[in-house]
Amino acid sequence: MTTTTLTSQTFQQTVEENEIVLVDFWAAWCGPCRSFAPVYEQASEQHPEIVFGKVDTEAERHLAGWAQITSIPTLMAFKNGYLVFSQPGALPAAALEQVIDSVVALDVQAALAAEE
């Protein structure tokens, strides 16, 4: 699967209806965003079972504000509708793969129970 553009209209539904959703918050003028884009795209091709979304922070200012994006690129991961990872900065391929592996392995319900 390739990356999917997410908007204010599609973000919530995408996160709620898919088991795992990764979201790259980016902007066209951002150098690190441009260098991260091919790494993210390649990961999306290697993991067709995961939704790889992209949010253009310039076009989707309201969504970026809601997500409290203060630095780009920022990668967020959602599993079963829950935000389980959020980190600013462009990741190298190996680090992105570690994030993906961790999210796949995470038992969200157990993590929520442990938090209570």
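Worth saying up front: this structure is predicted, and the values here are computed from it rather than measured.
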**Asked** Closest heavy-atom contact between E60 and S8?
**Response** OE1-OG, 2.9 Å

**Message:** Would you compute the distance between atom CG of D24 and atom CG of L22 and round it to the nearest 0.5 angstrom?
**Reply:** 9.5 Å

Return a table of donor-acceptor pairs under 3.5 angstrom between the side chains of residues 84-99 and protein atoms on other chains or two or more places apart.
unit_1: E97; atom_1: OE1; unit_2: H47; atom_2: NE2; d: 3.2
unit_1: E97; atom_1: OE2; unit_2: H47; atom_2: NE2; d: 2.8

**Item:** Heavy-atom side-chain contact between T4 and T14 under 4.5 Å
**Value:** no

**Request:** Drop me the distance from E17's CD to T10's OG1, to the nearest 0.5 angstrom.
**Result:** 11.0 Å

**Asked** Distance from E19 atom CD to I50 atom CD1, nearest 0.5 Å?
**Response** 8.5 Å

**Prompt:** If you take all heavy atoms of F25 and A67, which pair is closest and at what distance?
**Reply:** CZ-CB, 3.7 Å

**Prompt:** What do you reckon, are the aromatic ring centroids of W26 and Y40 less than 6.0 Å apart?
**Reply:** no

**Prompt:** Once you round to the nearest 0.5 Å, how far does CD of E49 lie from CG of N18?
**Reply:** 11.5 Å

**Message:** Run the side chain to side chain donor-acceptor pair (under 3.5 Å) test on E41 and T3 for me, step by step, so that the C-alpha distance in whole Å, both residues' side-chain angles and the decisive distance to 0.1 Å come before the verdict.
**Reply:** CA-CA 6 Å; E41 186 70 35; T3 58; 3.1 Å; yes

**Request:** State, yes or no, whether a side-chain contact exists between F11 and V23 at a heavy-atom distance under 4.5 Å.
**Result:** yes

**Request:** May I ask you to test the D107-Q109 pair for a side-chain heavy-atom distance under 4.5 Å?
**Result:** yes

Which donor-acceptor pairs under 3.5 Å do side chains of residues 71-83 form with protein atoms, sequence neighbours excluded?
unit_1: T74; atom_1: OG1; unit_2: S71; atom_2: O; d: 2.4
unit_1: K79; atom_1: NZ; unit_2: V103; atom_2: O; d: 3.0
unit_1: K79; atom_1: NZ; unit_2: V104; atom_2: O; d: 2.7
unit_1: K79; atom_1: NZ; unit_2: L106; atom_2: O; d: 2.7

**Request:** Tell me, please, which residues at least two apart from R61 pass side chain to side chain donor-acceptor pair (under 3.5 Å).
**Result:** E58

**Request:** Give, for atom CD of Q13 and atom OG1 of T7, the distance between the pair rounded to the nearest 0.5 Å.
**Result:** 10.0 Å

